[in-house]
Amino acid sequence: MSDSTTKSGAELLIDALKINGIQNIYGLVGIPVTDLARLAQIEGMNYYGFRREDAAVNAAAAAGFITGKPGIALTVSAPGFLNGLPSLAQATKNCFPLIMISGSSDRNIIDLDQGDYEGLDQYNIAKPFCKAAFRVNRAEDMGTAVARAIRTAVSGRPGGVYLDLPAEAIESMMIDDKKGNNVYEIVDPAPSVIPSDESISRAINIIKNSQKPLVIVGKGAASARAEKEVKELIDTLNVPYLPMSMAKGLIPDDDSHSAAAARSYSLKNADTIILLGARLNWLLSHGKAPVFNESAQVIQIDIDAYEFDSNRRIDAPILGDMKSSLRKLIDAVHEQEVTVESQWLDDVQNVVLSNKEKMRTRLEAGKTSEPLNFFGALLPLQEYMNEHPDTYLVSEGANTLDMGRNIIDMKLPRHRLDCGTWGVMGIGLGYAIAAAVETGKRVIALEGDSAFGFDAMEMETICRYHLPVTVVVLNNGGIYNGTDKVVDNQPSPTNLDPRAHYEYLSSAFGGDSYVASTYSEVKDALVKAMDSNNPSIINATLNPSAGTESGHIDNLNAKIDLKKA
Ligand SMILES: Cc1ncc(Cn2c(C)c(CCOP(=O)(O)OP(=O)(O)O)sc2=O)c(N)n1
Ligand SMILES: Nc1ncnc2c1ncn2[C@@H]1O[C@H](COP(=O)(O)OP(=O)(O)O)[C@@H](O)[C@H]1O
Ligand SMILES: [Mg+2]
C-alpha cells in the first residue's frame with residue numbers, strides 16, 4: 001500500500017467496501033479493472049472470476065438477496081458493462097440490493113466522441129435500468145460514492161445501483177491532507193420506516209369485519225428478514241397464507257396455515273387480501289377477477305408507496321418497512337383482541353388436503369414412469385430437501401420451474417432463488433455460486449435443459465472454486481418439451497437434442513457427472529452427488545413429451561393459427 005499520505009482511487013474504493021463489511025466481489029476482469037481485482041485480493045477481499053458478466057452480476061444480486069448487504073459486481077467497460085446490464089436491470093426489478101461497478105472511459109474522450117477503446121457513455125445508458133447511477137471522477141470522491149451506492153442499494157425498496165469508474169479515477173492519487181479521506185462506515189444504511197397509526201387502524205377495521213382473510217407473503221418480506229413477524233401475524237389471526245416463490249420457507253411450507261396447495265381456491269374466495277411485500281403484478285394476475293374476488297378488500301404493507309393502487313384500489317395501504325409495520329399491526333391485533341372465524345382456515349385446509357392427495361398419487365406413479373416424467377424426476381429432490389432443509393435450491397425453466405415450485409417444500413427463509421419477477425432464464429448458475437459462496441451450504445441448481453444452456457459455461461467457475469453445487473438438468477429435449485413439429489426438415493423452434501450429454505460439462509472441468517433416467521437413478525445420483533460435496537451435474541433424461549408449452553403461463557403466449565400458414 002502507498003504511504004499514509006496518498007492513496008489511489010482503487011485503494012479508497014476497497015477501503016470503503018471493507019469498512020462497510022463487504023467481503024466478496026463477483027466479476028470478469030480486463031481493461032481497466034484487472035489490477036483493481038488483484039488489489040482487492042491483496043487487501044483481503046475475495047474476488048470470484050466468472051466466464052460471462054451477466055452470471056457475475058446475477059451472482060452479486062443473489063448475494064444481496066441472501067445477505068441483505070449489497071452484492072458487488074465488477075465488469076470491464078462497454079461490452080463487459082453491456083453484458084452485465086440485463087442482470088443489473090433484473091436485480092432492480094427483483095428488488096435485490098446490488099452495486100455493479102464497471103470500468104469506463106475518460107469523460108473528455110467520451111464527451112467529445114473521440115473514439116476511445118471500448119468507449120461508451122455507460123453512466124447515462126445505465127440509468128433507466130437501475131435505482132441510481134453514480135460516476136466517480138476523482139479519488140477523493142470514492143468514499144462518498146461508495147456510501148451513496150450502498151445506502152441507495154439497501155434502503156427503501158432495495159435495487160441495483162451502477163457505479164461508473166473511469167480509469168483515471170481508479171489510478172488517480174489522493175493527497176490525504178489530514179481532512180480524512182472520506183472513507184467511513186455508513187450509519188444505519190436502511191433506516192426503519194414506521195407506518196402511521198391511521199394506516200394501522202384502517203387495516204385493523206378491515207380485518208375485524210373480514211370472514212376470509214388471506215395473507216400473501218412476497219420476496220419483499222424475505223428481503224426484510226421479517227419471518228418471525230410474518231409467522232406471528234398468521235398464527236395470531238389463525239388464517240391461511242400464500243407464499244410467493246422466493247418467500248417460500250419464511251414459514252415452513254408444511255405449516256398447517258399454508259394455502260399453497262389451494263392457491264386458486266383461496267385467492268378466489270378470500271374477502272380480504274393482506275399483501276406483505278408482494279406486488280399485484282402478472283404473478284398475481286394483477287389482483288383482478290376471475291383469479292381474485294373483485295369485491296375483496298386489500299391491505300398492503302410496502303416500503304414503496306409507488307406500489308399502492310398499481311393494479312387495483314388498495315383499501316388500507318400501510319407505508320413502512322415490513323418488520324416495523326408488522327410489529328405495529330400485530331400489537332394492534334392483540335390490543336383490540338381481533339379474531340377471525342376459524343371456518344375459513346378449515347375450508348382452505350380441506351382443499352389443501354384433497355389437492356395434496358392428488359399430487360401424492362401423481363408422485364407415486366412417477367416413481368415407475370418410463371420414460372421418466374417430471375413427477376418421477378422431482379420426487380427425489382422433494383425427499384432430499386425434506387431431509388436436508390438447509391440446502392439452497394435455485395431453479396429455472398418453465399415446467400421445471402413451475403412443477404419444482406409446487407412439489408419441493410422449503411423450510412428455511414431465503415433458501416430458494418429462481419427466475420423472479422421477470423421470469424428470466426440464465427440466472428441459475430450465477431445464483432447457485434453466490435448461495436454456495438455466501439453461505440458455505442450445499443446448493444442444488446434445478447435446471448430445464450434450455451435454461452441450463454444460458455450460463456452452462458459457469459460450470460467451469462463452479463469447478464474452479466470447487467463449490468458444493470449439484471446441477472440437476474431435467475432434459476426433456478426442448479424449450480417446454482421436445483415434441484415440436486419439424487417443418488421442411490428444419491429443427492423446430494423449441495426442440496433441443498434430447499441426447500445431449502450435459503453432464504460432460506462437469507467432468508470436463510474436474511467435477512462429477514451422472515446420467516439418470518428413472519426415479520431411483522435420480523435419487524441415487526442426487527444422494528451421491530450431495531454427499532460428495534463436489535461440483536456435479538445430473539443429466540436426468542425425461543420423456544420428450546413431458547412438459548406443456550410455457551409451463552403454467554401459456555395464456556401469455558401470442559397465439560397464431562398456424563394451420564393457415
Ligand atoms: C433470457 C430469456 N430468454 C428466453 C426466455 C423464454 N423462456 C425460455 C427459453 C424458457 C426455457 C424453457 O425450457 P426448459 O428446458 O428450460 O424448461 P422446461 O422444458 O422444463 O419447460 S422458459 C421461458 O420463458 C426467458 N424467459 N428468458
Ligand atoms: N423491507 C421491506 N419492507 C416492506 N416492503 C419491502 C421491503 N423490501 C422490499 N419491499 C417491497 O416488497 C415488494 C416485493 O414484491 P415482489 O418482488 O413482486 O415480490 P413477489 O414476486 O415475491 O410477489 C416490492 O413492492 C418492494 O417495494
Ligand atoms: Mg426442457
Side-chain angles (χ1 to χ4, degrees), residues 54 65 68 86-87 90 92-97 131 154-159 190-193 195 216-226 229 242-248 250 275-284 300-308 310 318-326 374 377-378 395-404 416 418-428 446-455 473-483 493-496 498 500 502 540 542 544 546-554 556-557:
D54 49 359
F65 174 65
S87 303
Q90 209 209 140
T92 306
K93 180 52 71 178
N94 277 330
C95 313
F96 288 175
K131 197 173 164 187
V154 298
S155 62
R157 170 182 279 185
S192 300
V193 179
I216 299 179
V217 191
K219 57 176 171 296
S223 302
R225 317 178 97 71
E229 293 78 6
L242 262 187
M244 300 301 286
S245 69
M246 284 194 253
K248 280 169 65 78
L250 253 69
L275 286 169
L276 305 181
R279 285 172 285 199
L280 282 179
N281 54 20
W282 72 279
L283 287 163
L284 282 170
Q300 183 166 16
I301 296 180
D302 206 293
I303 202 161
D304 188 344
Y306 173 83
E307 199 49 43
F308 300 139
S310 63
I318 300 175
L319 179 62
D321 75 86
M322 194 55 63
K323 280 192 173 200
S324 308
S325 305
L326 284 171
F374 276 102
L378 289 166
S395 189
E396 57 182 340
N399 297 281
T400 297
L401 174 81
D402 292 340
M403 296 184 71
R416 178 193 163 92
D418 62 29
C419 305
T421 302
W422 264 347
V424 175
M425 297 300 120
I427 53 95
L446 173 58
E447 301 278 313
D449 48 329
S450 164
F452 176 60
F454 281 76
D455 60 351
V473 180
L474 299 196
N475 180 359
N476 62 354
I479 300 176
Y480 314 131
N481 58 52
T483 57
T494 57
N495 286 355
L496 300 170
Y502 297 112
L542 271 63
T548 56
E549 182 108 346
S550 298
H552 295 182
I553 54 172
D554 187 31
L556 298 179
N557 265 321

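Remember, predicted model here, so these are calculated numbers, not experimental data. Order of appearance sets the numbers: ligands from 1, and atoms from 1 within every ligand. For the numbers below, each heavy atom of this structure counts, side chains included, while hydrogens, waters and symmetry mates do not.
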(message) Regarding N481, does it place an N, O or S atom less than 2.8 Å from the Mg ion (ligand 3)?
(response) no

(message) Could you identify the N, O or S atom of D449 positioned closest to the Mg ion (ligand 3)?
(response) OD1

(request) Indicate, as side chain, backbone, both or neither, the part of R279 found under 4.0 angstrom from ligand 2 when only non-hydrogen atoms are considered. (result) both

(request) Compare G277, A305, S155 and give the one whose heavy atom is closest to atom 13 (C) of ligand 2. (result) G277

(message) Given S450, G426, G423, identify the one with the heavy atom nearest to atom 11 (C) of ligand 1.
(response) S450

(message) For ligand 2, which is the ligand I care about here, please tell me if V217 has any N or O atom under 3.5 Å from one of the ligand's N or O atoms.
(response) no

(request) Taking atom types as modelled, find out whether T421 and R279 have a side-chain donor-acceptor pair closer than 3.5 angstrom. (result) yes

(request) Return yes when at least one N/O/S atom of I479 is nearer than 2.8 Å to the Mg ion (ligand 3), and no when none is. (result) no

(message) With nothing but distance in play, are any N or O atoms of F374 less than 3.5 Å from an N or O of ligand 1?
(response) no

(message) Considering both backbone and side-chain atoms of G478, is one of its nitrogen or oxygen atoms within less than 3.5 Å of a nitrogen or oxygen in ligand 1?
(response) yes

(request) Could you pull out, from M244, M322, K219, the option with a heavy atom nearest to atom 21 (O) of ligand 2? (result) K219

(message) Can you tell me which portion of T421 lies within the under-4.0 Å heavy-atom range of ligand 2? Options are side chain, backbone, both, or neither.
(response) side chain

(message) Would L474 count as being in polar contact with ligand 1, using the rule that some N or O on each side must be under 3.5 angstrom apart?
(response) no

(message) I need the nearest protein heavy-atom contact for atom 10 (C) of ligand 1: residue, atom name and distance, please.
(response) M425 CG, 3.7 Å

(message) Protein non-hydrogen atoms only, distance under 4.0 Å: does atom 6 (C) of ligand 1 have such a neighbour?
(response) no

(message) Please list, in number order, the atoms of ligand 2 under 4.0 Å from a heavy atom of P158.
(response) 8 (N), 9 (C)

(message) Applying a heavy-atom cut-off of 4.0 Å, say which part of L284 lies close to ligand 2: side chain, backbone, both or neither.
(response) neither

(message) Distance under 4.0 Å to a non-hydrogen atom of G397: what atoms of ligand 1 satisfy this?
(response) 16 (O), 17 (O)

(request) Return a yes/no value for E396: is any of its N or O atoms, backbone included, closer than 3.5 angstrom to an N or O of ligand 1? (result) no

(message) Looking at Y480, is its backbone amide N or carbonyl O close enough to the side chain of E549 to form a donor-acceptor pair, meaning the two atoms are under 3.5 Å apart?
(response) no

